[in-house]
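Residue numbers begin at 1 in each chain, while the letters A, B, ... track the order of the sequences.
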Amino acid sequence: MNLEKELQLLIIEAIAKLYNAEVNESQITLQKTKKEFTGNYTLVTFPLLRISKKSPEQTAQEIGETLTANSAFIESFNVIKGFLNLSLSSSSWVKTLEEINNNPTYGFTQANEDSPLYMVEYSSPNTNKPLHLGHVRNNLLGHSLCEILKANGKKVVKTNIVNDRGIHICKSMLAWKKWGNNETPESSNKKGDHLIGDYYVMFDQKYKGELAELESKGLSKDEAEAQSTLMAEAREMLLKWEKNDTETVNLWKMMNNWVYKGFDETYKEMGVTFDKIYYESDTYLVGRKRVLEGLEKGLFYKKEDNSIWADLSAQNLDHKLLLRADGTSVYMTQDIGTAKLRFDDYPIDTMIYVVGNEQNHHFTVLSALLDMMGYDFGKGLVHFSYGMVELPEGKMKSREGTVVDADDLMKEMIETARETSNELGKLDNCTPQEASDIVRMVGLGALKYFILKVDPRKNMTFNPEESIDFNGHTGPFIQYTHARIQSVLRKAAELNIEIPAVIGEIELSDKEEGLVHTLVDFASIIKQSAEEYNVSLVANYVYDLVKEYNQFYHDFSILREENQALRYFRLMLSKNVALTIKKGMCLLGIDVPDRM
RNA sequence: GCACCCGUAGUUCAAUGGAUAGAAUAUCGGAUUCCGGUUCCGAAGAUGCGAGUUCGAUUCUCGCCGGGUGUACCA
């Protein structure tokens, strides 16, 4: 039985008895007592004044008296202003810890056949360039969100939509064809996605060169763009691709496969996976068909130039283009098709899109459009919208070459972790294999934790140096604390500490009670995190737990404690703190080493 | 122009409408060191501005100021 729920019921009972009134759980505001006051739980009495018709102090006093009189598990109380601070007895905390200890999956709910199915789309790369820092936040958030949903007993399908068609990939293809000399990932010893990215950049440079030349001949910018032969060739290539021209399609397939192989390596290093991958080259046709159907049904309208539009003014939105005059599709068309396909493929209860907040408008429109087209899932789409990542030196701009590449970043983080660890002499007693595993966990853990601890909705600044600090609010600090607890537990095992017959009678300090209390909170944190789609709650919880444990660790002897029962309790507490850290970090996709 | 989001210590982040707005880092001063050095305690330091709603506002409403994003036949 959940401690907080139990307490809530007791309070409801007390109010019924005192004031002859029925209150529901939502009227009971229970919170953790702030550490400068005595107590474990605090009842805020202000909302109850209408029922008691008495002053806050008096109400608190009366409820406190009734509770202590009728329940053994509330030991004492104090009243400060309108706040009723309740202290539970040591024995109930001991009992609570034992319950958590006996339930290794505490906080987690297993999915069953009837559980709702969530499909989560994340990552969604373009095939013309490698993943960058923005994708890193996306991937980490998406992966962690999935883990948290699973921990809450949901069925989850992780999906990725690959933007594999369009003018952008044609640019890379054209550049490669013109200037590539049949270069391959093998021949150049580059990852496929980086190779393609280089050709994309090359196209852009040559194109700019061409424009500059045209403009120097006295043409305006618009005229130059219109006369560019390079861009014309790229467009021609796209038309050929859409007409299924064999040579073009084969080139496209070959180059895309290079990219996918490169992406796979990046995903693997990052630790993210997908259950089902959709490609826009498959879905855009479905979308197109649905749009044409909608036109027949009179949902959409056609302009003189044959382009097709939706009028969303009834929903307070603008008119939206769905098919161009030449019949080709736009982003929105593809997303309609993708959504339709997905709901055909799976019995989805909730569809979540992990996509940056610059697309907030796009998803409102998508939702409205699908609804207009008669799909009942349209309204229920969830856009998990996250903010941009900036660097201490400012915003990333692809044009200025200040984009941080995901592969480079991970490599650098691991390298920094290695340097720092070597300086501190941490890896001296490890085999090379152990050392390399540990620096990998630390480097990536630093990156992941730093990004995930921030509220997803907000823009953030990523500072690589700060993130890898072994002190402070960082991943490595949490990992370190976990490793140290493991070390204590190993030592305890060597000492062969016996389990006492009875441990219920020991007297606990506030710090110990508070620590058990925090362990209890784990369950509600992951629940809240899933309900609000807010990954950072778990990250911040784990840090709070670590900090609290460190204070406890500093204040009490664990191995030298003479009272058998107390020592056993403290070891059990340590063990469960370690387990909870591990579970929490696992929800964030972060590995924690047993020694470091 | 219009729409949406964001303004919290020097800096990076917290705070279901609740108590004296928490951490981290940087600075200064102490303590501890079972197992492990990276532990702990203290000092100093913040809600952009102005109204309103109420027992109570960082949080809700309105108006300014500052920043971001969107409003594309780019994805």
Side-chain angles (χ1 to χ4, degrees), chain A residues 26 29 31 33-37 42 44-47 49 55-56 80-83 85 124-128 161 163-169 280 303 305 307-309 316-318 320-326 328-335 356-362 364-365 385 387-388 390 392 395 420-421 424-426 450 453-455 457-463 465-467 469-474 476-477 479-481 483-492 494 524 528 531-532 536-537 539-540 543-544 547 549-561 595-596:
Chain A
S26 64
T29 27
Q31 49 192 236
T33 303
K34 295 208 167 198
K35 65 176 176 217
E36 57 265 39
F37 302 101
T42 296
V44 183
T45 58
F46 296 104
L49 300 185
S55 72
I80 294 169
K81 296 188 199 166
F83 298 92
N85 300 322
S124 313
N126 288 347
T127 53
N128 63 330
I161 175 85
N163 303 310
D164 60 346
R165 64 167 286 280
I167 192 82
H168 55 279
I169 183 68
E280 283 193 348
K303 280 195 181 173
D305 67 353
S307 56
I308 297 174
W309 294 73
N316 268 331
L317 296 162
D318 273 341
K320 177 70 196 172
L321 174 86
L322 297 176
L323 281 176
R324 296 189 186 101
D326 63 3
T328 56
S329 23
V330 292
Y331 182 33
M332 190 57 78
T333 328
Q334 293 169 171
D335 259 6
N357 63 9
E358 71 272 7
Q359 290 187 33
N360 286 354
H361 183 68
H362 173 80
T364 351
V365 174
S385 162
M388 298 187 320
E390 291 177 24
K395 200 187 290 184
T420 316
S421 301
L424 296 169
K426 277 180 181 303
F450 197 92
K453 76 175 181 183
V454 182
D455 186 330
R457 291 176 292 250
K458 292 190 178 169
N459 289 357
M460 65 171 293
T461 306
F462 174 66
N463 185 338
E465 280 177 29
E466 198 182 309
S467 76
D469 205 329
F470 277 53
N471 255 327
H473 193 173
T474 66
F477 178 69
Q479 290 171 319
Y480 170 74
T481 304
R484 200 187 50 206
I485 295 175
Q486 293 302 338
S487 164
V488 172
L489 295 175
R490 278 194 296 271
K491 190 79 180 179
E494 278 172 32
S524 57
Q528 192 188 348
E531 280 167 1
E532 295 174 9
S536 65
L537 293 176
N540 286 296
Y543 176 69
D544 286 344
K547 230 179 127 40
Y549 180 80
N550 278 327
Q551 288 172 12
F552 155 82
Y553 171 80
H554 178 260
D555 278 12
F556 302 108
S557 311
I558 297 175
L559 296 175
R560 282 188 190 162
E561 172 60 48
R595 59 182 86 221
M596 64 186 271

Quiz item: Want to settle it: does R165(A) or L559(A) sit nearer the 5' end of RNA chain B, counting the closest nucleotide to each?
Solution: L559(A)
Self-check item: Nearest-Å distance once atom C1' is located in both A24(B) and A44(B)
Solution: 16 Å
Practice problem: Quick one, give me the B/S/- string for nucleotides 8-20 of chain B, reading 5' to 3', where B means a protein heavy atom under 4.0 Å from the base and S means that only happens at the primed atoms, P, OP1 or OP2. | Solution: ----SSS-B-BBS
Quiz item: Which whole-number value in Å describes the distance from M388(A) CE to G67(B) P?
Solution: 14 Å
Practice problem: Answer with base, sugar-phosphate or nothing: what part of the nucleic acid does N463(A) contact at a heavy-atom distance below 4.0 Å? | Solution: nothing
Exercise. Give I167(A) one of three labels, base, sugar-phosphate or nothing, depending on what nucleic acid heavy atoms sit under 4.0 Å from its own.
Key: nothing
Self-check item: Given C35(B), C74(B), G70(B), the nucleotide with the shortest approach to the side chain of R324(A)
Solution: C74(B)
Self-check item: Exam field: side chain N459(A) to backbone M388(A), donor-acceptor pair closer than 3.5 Å
Solution: yes
Exercise. Mark yes or no: K320(A) above the aromatic ring of W309(A), with NZ or CZ under 6.0 Å from the six-membered ring centre and no more than 45 degrees from the axis.
Key: no
Quiz item: Using atom C1' of each nucleotide, how far apart are G7(B) and A21(B) to the nearest Å?
Solution: 16 Å
Quiz item: Just checking F556(A): base, sugar-phosphate only, or nothing, at a heavy-atom cut-off of under 4.0 Å?
Solution: base
Quiz prompt | Distance-only donor-acceptor test (3.5 Å): side chain D305(A), base C73(B) | solution = yes
Quiz item: Would you call R457(A) and D455(A) a salt bridge, using N to O less than 4.0 angstrom?
Solution: yes
Exercise. Tell me, with the steps shown, if I80(A) and F37(A) meet side chain to side chain contact (heavy atoms under 4.5 Å, CB included).
Key: CA-CA 9 Å; I80(A) 294 169; F37(A) 302 101; 3.3 Å; yes
Practice problem: Round to the nearest Å and state the distance from Y553(A) atom OH to C40(B) atom C1'. | Solution: 11 Å
Quiz prompt | Any donor-acceptor N/O pair, T333(A) side chain to L322(A) backbone, under 3.5 Å | solution = yes
Quiz item: Out of U38(B), C34(B), U39(B), which has the shortest distance to the side chain of F470(A)?
Solution: U38(B)
Quiz item: With under 30° as parallel and over 60° as perpendicular, where do the rings of Y331(A) and H362(A) fit, or are they tilted in between?
Solution: parallel
Exercise. Taking atom C1' in both A3(B) and U8(B), compute the distance separating them and give it to the nearest angstrom.
Key: 26 Å
Quiz item: Can you tell me how far C1' in U59(B) sits from the matching atom in C73(B), rounded to whole Å?
Solution: 42 Å
Quiz item: Between H554(A) and Q359(A), which is nearer to the 5' end of RNA chain B once each is assigned its nearest nucleotide?
Solution: H554(A)
Practice problem: Grab the two heavy atoms, one from D164(A) and one from T127(A), that are nearest each other, plus how far apart they are. | Solution: CA-OG1, 3.6 Å
Exercise. Using whole Å, report how far CG of N357(A) lies from P of C4(B).
Key: 15 Å
Quiz prompt | Separation of U59(B) P from R457(A) CZ (nearest whole Å) | solution = 16 Å
Self-check item: Dot-bracket notation for RNA chain B, counting Watson-Crick and G-U pairs under 3.5 Å, with | for partners on another strand
Solution: (((((((..((((....[...)))).(((((.......)))))....(((((..]....))))))))))))....
Quiz item: How long is the line joining CE of M332(A) and P of U71(B), in whole Å?
Solution: 10 Å
Quiz item: Does a donor on one side chain sit under 3.5 Å from an acceptor on the other, for N360(A) and S385(A)?
Solution: yes
Self-check item: Spacing of the C1' atoms in A23(B) and G56(B) (rounded, Å)
Solution: 25 Å
Practice problem: With L537(A) as reference, evaluate E532(A), E531(A), K453(A) under the side chain to side chain contact (heavy atoms under 4.5 Å, CB included) test and give the passing residue. | Solution: E532(A)
Exercise. Measure from the ring center of Y549(A) to the ring center of F552(A) and say whether it is less than 6.0 Å.
Key: yes
Self-check item: Minimum-distance nucleotide to Q551(A) side chain [options: C40(B), G70(B), C73(B)]
Solution: C40(B)
Exercise. Measure from CG on L322(A) to P on A75(B) and round the result to the nearest Å.
Key: 13 Å
Quiz item: Hey, does K320(A) reach any base, or is it just sugar-phosphate, or nothing, if we go heavy atoms under 4.0 Å?
Solution: nothing
Quiz item: Taking the C1' atom of each, how far is U58(B) from G48(B), in whole Å?
Solution: 12 Å
Quiz item: G29(B) and A14(B): how far apart are their C1' atoms, nearest whole angstrom?
Solution: 27 Å
Self-check item: Whole-Å gap separating C1' (U54(B)) and CG (L49(A))
Solution: 13 Å
Quiz item: Distance-only, no hydrogens or angles: does the T461(A) side chain make a donor-acceptor pair with backbone N or O of P392(A) under 3.5 Å?
Solution: no
Practice problem: Could you tell me the separation between the CG atom of L317(A) and the P atom of C4(B), rounded to a whole number of Å? | Solution: 12 Å
Quiz item: How far, in whole Å, is A57(B) from G67(B) if one measures between their C1' atoms?
Solution: 24 Å
